[in-house]
Amino acid sequence: MSTAVLLAVLGAALLHGTWNAIAKAIPARLVSSALIGLVYLVIGAIGCVLLPFPPAAAWPYLLVSAAVQTLYLVLLTAAYAKSEFGKTYPLTRGIAVLGVALISTTLLGERMTPPQLAGVAVVAVSLLALSWTPKSRNAGGGTLMAIAVGVTITAYSVIDGMGVRVAGDPLGYAAWLFLVQGVTLPLVCFMLSRDRSGMLRDMRTHAPMGALGGILSLVAYTIVVWAQSIAPLAVVSALRETGVLAAGVIGYFVFRERFSPWRLTATVVAVSGIVAIRLGG
């Protein structure tokens, strides 16, 4: 993996952790998802005008991914409503790193060097460790919801990794992916809302923060889709999920969540995994 790809994905990880914090900060869970979807709709539509139309072979991947990612965002905001940001985020991302590594190496035939495999494993275990403490309050429904989110992340990461390679143009693929999500996500959120007039009021109230979150999310995932077109999916996934390091800092300073010695140790170990991925590639 080149230094440019490494730095780009690490930058996407920082953006990803930041927009997840924004989603957590918006109290109405469906509002944050709907606002992100509207940003996808506007920017995706602009991209579709300027960028190539994906080939027919890429559309099954694109449409299935859009459906899975719509489910992901709804589940994600629901999980944040039930549990702490600093615990839910690492758990979902750790599951995704393990899932993508398992599928890409066993079913897709991707090959990684032993140091890269070790680095991916270290990152995955560290992320899972970050979500646990001896007195963890992230139990019950919140944990189950986080596991479901991790499964959806695994699914759309693999689907998009395959789809973007079939498409041959990562930016065009991403633009249409965001456009489709921009249509479906707000509609699903409105269908799930029990107070649609109240939801519209909350959307106006939180529009600036939601728009920022949507932009950061769109930029972050566009970088990931581009990286998936030229680098192993498991490596991209492991590096992308290091956004949890930013999430720990945000959780401590913004949400006043405790950053224990255990979580500090797990963070340092995760960084060592990133180094192993870089040196092993």
Val125, Thr154, Leu128 screened by side-chain contact (heavy atoms from CB on, under 4.5 Å) with Leu98, the one that passes |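 Only one option passes, and that is Leu128.
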Say you draw a straight line from CG of Leu107 to CG of Leu102; how long is it, rounded to the nearest 0.5 Å?
->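 Leu107 CG to Leu102 CG: 7.0 Å, rounded to 0.5 Å.
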Say you draw a straight line from CD1 of Ile22 to CG of Leu212; how long is it, rounded to the nearest 0.5 Å?
->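 One finds 4.0 Å between CD1 of Ile22 and CG of Leu212.
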Give the minimum heavy-atom separation between Thr88 and Ala79, together with the two atoms involved.
->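 Scanning both residues completely, I find the closest heavy atoms to be CG2-CB, 4.0 Å.
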Residues forming a side-chain contact (heavy atoms from CB on, under 4.5 Å) with Ser157, sequence neighbours excluded =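 If we apply the side-chain contact (heavy atoms from CB on, under 4.5 Å) test to Ser157, skipping adjacent residues, the hits are Val100, Ile153, Gln228, Arg240.
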same_hphob_cluster(Val68, Val166) at 4.5 Å side-chain heavy-atom cutoff |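 Yes, it is one cluster - the side chains of Val68 and Val166 are joined through contacts under 4.5 Å.
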Measuring from Leu144:CG to Leu75:CG, what's the distance to the nearest 0.5 Å?
->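 One finds 12.0 Å between CG of Leu144 and CG of Leu75.
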Under a 4.5 Å side-chain heavy-atom rule over Ile, Leu, Val, Met, Phe, Trp and Tyr, are Val151 and Leu73 clustered together?
->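 No: no chain of side-chain contacts under 4.5 Å links Val151 to Leu73.
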Reported CD1-to-OG distance for the pair Ile26 and Ser33, which is rounded to 0.5 angstrom |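 Rounded to the nearest 0.5 Å, the CD1-OG separation comes out at 9.0 Å.
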Trace of the side chain to side chain contact (heavy atoms under 4.5 Å, CB included) decision for Gln69 with Thr152 | CA-CA 7 Å; Gln69 292 200 52; Thr152 60; over 6 Å; no
Report the residue from Ile36, Leu41, Ile43 that forms a side-chain contact (heavy atoms from CB on, under 4.5 Å) with Val39.
->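 By the side-chain contact (heavy atoms from CB on, under 4.5 Å) criterion, Val39 pairs with just one of Ile36, Leu41, Ile43: Ile43.
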Go through the structure and list residues passing side-chain hydrogen bond (donor to acceptor under 3.5 Å, both in side chains) with Ser104, not counting sequence neighbours.
->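 Once residues adjacent in sequence are excluded, Ser104 has no partner under the side-chain hydrogen bond (donor to acceptor under 3.5 Å, both in side chains) criterion.
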Under a 4.5 Å side-chain heavy-atom rule over Ile, Leu, Val, Met, Phe, Trp and Tyr, are Leu51 and Val224 clustered together?
->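 No, Leu51 does not connect to Val224 through the hydrophobic network.
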Side chain proximity check, Trp19 to Leu15, heavy atoms < 4.5 angstrom =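 When only atoms from C-beta onward are counted, Leu15 and Trp19 do not touch, as no gap falls below 4.5 Å.
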ring-ring contact (aromatic ring centres under 6.0 Å, His included) between Trp59 and Tyr173, worked out | CA-CA 9 Å; Trp59 275 94; Tyr173 180 92; 8.7 Å; no
Kindly give the cluster partners of Val269, where membership spreads through any ILVMFWY side chain lying under 4.5 Å from a current member.
->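 Once heavy-atom contacts under 4.5 Å are chained together, Val269 belongs with Val122.
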Which residues satisfy the ring-ring contact (aromatic ring centres under 6.0 Å, His included) test with Tyr72, sequence neighbours excluded?
->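 Partners of Tyr72 by the ring-ring contact (aromatic ring centres under 6.0 Å, His included) criterion, ordered by chain and then number, come out as Tyr156.
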Is Phe190 linked to Val31 within one hydrophobic cluster, defined over Ile, Leu, Val, Met, Phe, Trp and Tyr using a side-chain heavy-atom separation of less than 4.5 Å?
->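 Per the 4.5 Å side-chain linkage, Phe190 and Val31 are co-clustered.
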Scan residues 196-219 for pairs that pass side chain to side chain donor-acceptor pair (under 3.5 Å), counting only residues two or more places apart or in two chains.
->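 Listed once each, the pairs are Tyr40-Ser217, Asp195-Ser197.
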For residues 176-187, tabulate all N or O donor-acceptor pairs below 3.5 Å that involve a side-chain atom, not counting sequence neighbours.
from: Thr184; atom 1: OG1; to: Thr70; atom 2: OG1; distance (Å): 3.0
from: Thr184; atom 1: OG1; to: Val180; atom 2: O; distance (Å): 3.2
from: Thr184; atom 1: OG1; to: Gln181; atom 2: O; distance (Å): 3.4

Non-hydrogen side-chain atoms of Arg93 and His16 separated by less than 4.5 Å =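 In contact.
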Would one find more than 12 heavy atoms of other residues, nucleotides or ligands at under 6.0 Å from atom CE of Met209?
->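 Open.
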Minimum heavy-atom separation for Ala146 to Thr92, with atom names?
->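 Looks like O-CG2, 3.3 Å.
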